[in-house]
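Report on the following structure.
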Amino acid sequence: MPDSSEPSPAIDRNLGMELVRVTEAAALSSAPYMGRGDGKAGDGAAVAAMRAVLGTIRMSGTIVIGEGEKDDAPMLFNGEQVGTGDAPELDLAVDPVEGTRLLALGRDNAIAVIAAAPGGSMWKPGSSYYMDKLVGGSELKGVIDMSLSPTENLERAAEATGRPVEQLTVFVLEKPRHRELVAELRTAGARVSLHTDGDVMGAILAAYPGTGVDLLMGIGGTPEGVIAAVAVKALGGVMQGRLAPQLSEERSRLRSELDPDELRQILAADDLVRSDDAFFAATAITGSPFLEGVRYDRALGVSTESLVIRAGSGSVRHVRGIHRLDARHIFGRDARERVIEVVSD
């Protein structure tokens with residue numbers, strides 16, 4: 001399952017502070033589509049912006065996870081080469097709009113996100129679109145495990161944190177496939193926070209201290225799982241995932257690609273990202289209690305709030321940006337005219 005190839009040499013600079021320009025550009029481009037009911041248009045604008053700014057970064061990047069394949073959305077495609085072509089060689093996992101429906105409906109937690117690691121170090125999901133996930137904070141390392149039931153994990157988490165189960169909050173995607181999970185969590189007495197989309201943000205909330213979310217449980221996207229693994233690993237949290245195909249075509253392909261043991265294998269964050277020299281950046285498009293979404297101000301221009309994490313050092317930065325409403329200042333002189341037109345429209 002995990003790629004056995006050797007990762008590229010260590011990275012000699014904090015790329016996170018460069019990659020945040022990519023997520024800022026994607027967020028700024030998609031923000032005008034908030035609540036307009038057309039998530040794909042917002043996604044397309046974010047993709048164009050992300051591609052343009054990636055092309056200015058000194059790296060030889062390969063998109064190994066380009067969100068969009070499973071729903072025919074606009075995307076940066078798997079295998080696409082980005083950057084200037086110079087060292088370092090990087091694997092990139094991107095989601096220009098994580099929470100397309102949230103953006104379309106004007107709901108919280110839509111973000112633009114990117115993760116990077118040395119070339120050859122990111123697990124490639126292949127035909128897998130869906131993954132069952134379990135995420136918690138650093139205090140739950142060695143405590144929770146996907147091989148246990150949700151109730152057992154809640155009881156273990158309660159003991160480790162010194163709080164009753166009734167004070168634990170679990171982030172779950174509000175999907176029909178989670179009816180039994182939600183019922184079990186409620187029977188056990190846990191607080192359940194249901195969200196229509198956005199399990200990368202859910203994983204961050206579960207791993208980041210003080211957010212009010214203690215655990216993420218349930219099935220979400222496999223690409224999002226790899227992206228989230230970089231952030232969770234950098235935050236010192238615990239994450240496990242297991243393939244959970246939901247589509248008949250997906251099941252058929254996976255059965256032909258993998259043996260039964262591989263299909264049942266539990267993958268840890270270190271399996272999903274095999275290097276500690278990894279970077280994560282996310283910029284909020286719509287607001288949330290954790291990150292403020294894109295805001296327009298007549299005097300200041302437009303503001304963004306981003307999260308930048310470096311796994312190797314464990315550094316976590318909240319970056320607040322104020323940008324002029326001139327797209328050339330957002331994207332730089334080399335940005336393509338299509339991007340400029342999108343933002344200036």
Side-chain angles (χ1 to χ4, degrees), residues 15 18-85 90-106 110-116 197-198 200 221 223-224 227 280-286 293-296 301-304 306 321 323-345:
L15 272 164
E18 299 172 54
L19 294 174
V20 73
R21 290 180 46 239
V22 177
T23 57
E24 284 177 342
L28 289 164
S29 294
S30 58
Y33 294 89
M34 173 181 164
R36 288 169 56 180
D38 190 350
K40 284 194 175 181
D43 205 13
V47 167
M50 190 171 268
R51 180 176 279 120
V53 181
L54 279 170
T56 69
I57 294 179
R58 182 167 57 85
M59 64 176 177
S60 179
T62 301
I63 304 295
V64 299
I65 294 174
E67 174 63 18
E69 287 190 341
K70 69 175 180 289
D71 52 9
D72 194 31
M75 64 177 180
L76 285 141
F77 60 85
N78 292 348
E80 182 172 350
Q81 302 297 305
V82 294
T84 61
L90 295 176
D91 284 348
L92 299 173
V94 302
D95 198 344
V97 179
E98 206 265 326
T100 306
R101 183 170 11 184
L102 300 176
L103 173 63
L105 298 176
I111 58 174
V113 63
I114 187 169
D197 301 275
V200 171
E224 290 89 342
I227 294 171
F280 174 92
T283 302
I285 305 170
T286 60
V294 175
R295 281 195 175 187
Y296 298 95
V302 57
S303 65
T304 57
S306 305
H323 314 268
R324 296 187 194 178
L325 288 175
D326 177 350
R328 288 174 178 79
H329 291 279
I330 296 170
F331 300 106
R333 293 180 181 177
D334 297 331
R336 298 186 305 182
E337 284 303 315
R338 180 187 168 193
V339 179
I340 294 173
E341 288 167 5
V342 166
V343 178
S344 301
D345 186 8

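Counting from 1, the numbers follow the sequence of the chain as shown.
Rounded to the nearest 0.5 angstrom, Leu76 CG and Ile65 CD1 are separated by 13.0 Å. Between the OG1 atom in Thr100 and the CD1 atom in Ile285 there is a gap of 8.0 Å [rounded to 0.5 Å]. Atoms CD1 and CD, on Ile114 and Glu18 in that order, are 11.0 Å from each other to the nearest 0.5 Å.
In this structure, the side-chain contact (heavy atoms from CB on, under 4.5 Å) partners of Thr84, at least two apart in sequence or on a different chain, are Arg58, Asp86. Applying the side-chain hydrogen bond (donor to acceptor under 3.5 Å, both in side chains) test to Thr23 and every residue at least two apart in sequence or in another chain returns Thr283. Legend: residues meeting salt bridge (Lys or Arg N to Asp or Glu O under 4.0 Å) with Arg36, ordered by chain and number and at least two apart, are absent. Every residue was checked against the salt bridge (Lys or Arg N to Asp or Glu O under 4.0 Å) condition with Asp91, not counting sequence neighbours, and none meets it. Looking at residues two or more places apart in sequence or on another chain, you find a side-chain contact (heavy atoms from CB on, under 4.5 Å) between Met59 and Leu54, Ile57, Val82, Pro88, Leu90, Leu92. Remark: Ala46 pairs with Ala26, Ser30, Pro96, Val97 by the side-chain contact (heavy atoms from CB on, under 4.5 Å) rule, at least two apart or across chains.
Considering all non-hydrogen atoms of both residues, Leu28 and Thr304 come closest at CD2-CG2, 3.7 Å. For the residue pair Ala25 and Ala49, the shortest heavy atom distance occurs at O-CB, 3.5 Å. Shown here for Ala27 and Ala284, the closest heavy-atom pair between the two residues is CB-O, 3.9 Å.
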Run the numbers on Thr56 and Arg21 for side chain to side chain contact (heavy atoms under 4.5 Å, CB included), then give the verdict. CA-CA 10 Å; Thr56 69; Arg21 290 180 46 239; 3.6 Å; yes
Checking Ile227 against Phe280 for the side chain to side chain contact (heavy atoms under 4.5 Å, CB included) test, could you report, in this order, the C-alpha distance in whole Å, the side-chain angles of both residues, the deciding distance, and whether it holds? CA-CA 8 Å; Ile227 294 171; Phe280 174 92; 3.9 Å; yes
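Donor-acceptor pairing under 3.5 Å is lacking for the side chains of Thr62 and Glu80.
Here the options are Leu103, Asp43, Ile111, Asp197, the test is side-chain contact (heavy atoms from CB on, under 4.5 Å), and the partner is Glu98; only Ile111 passes.
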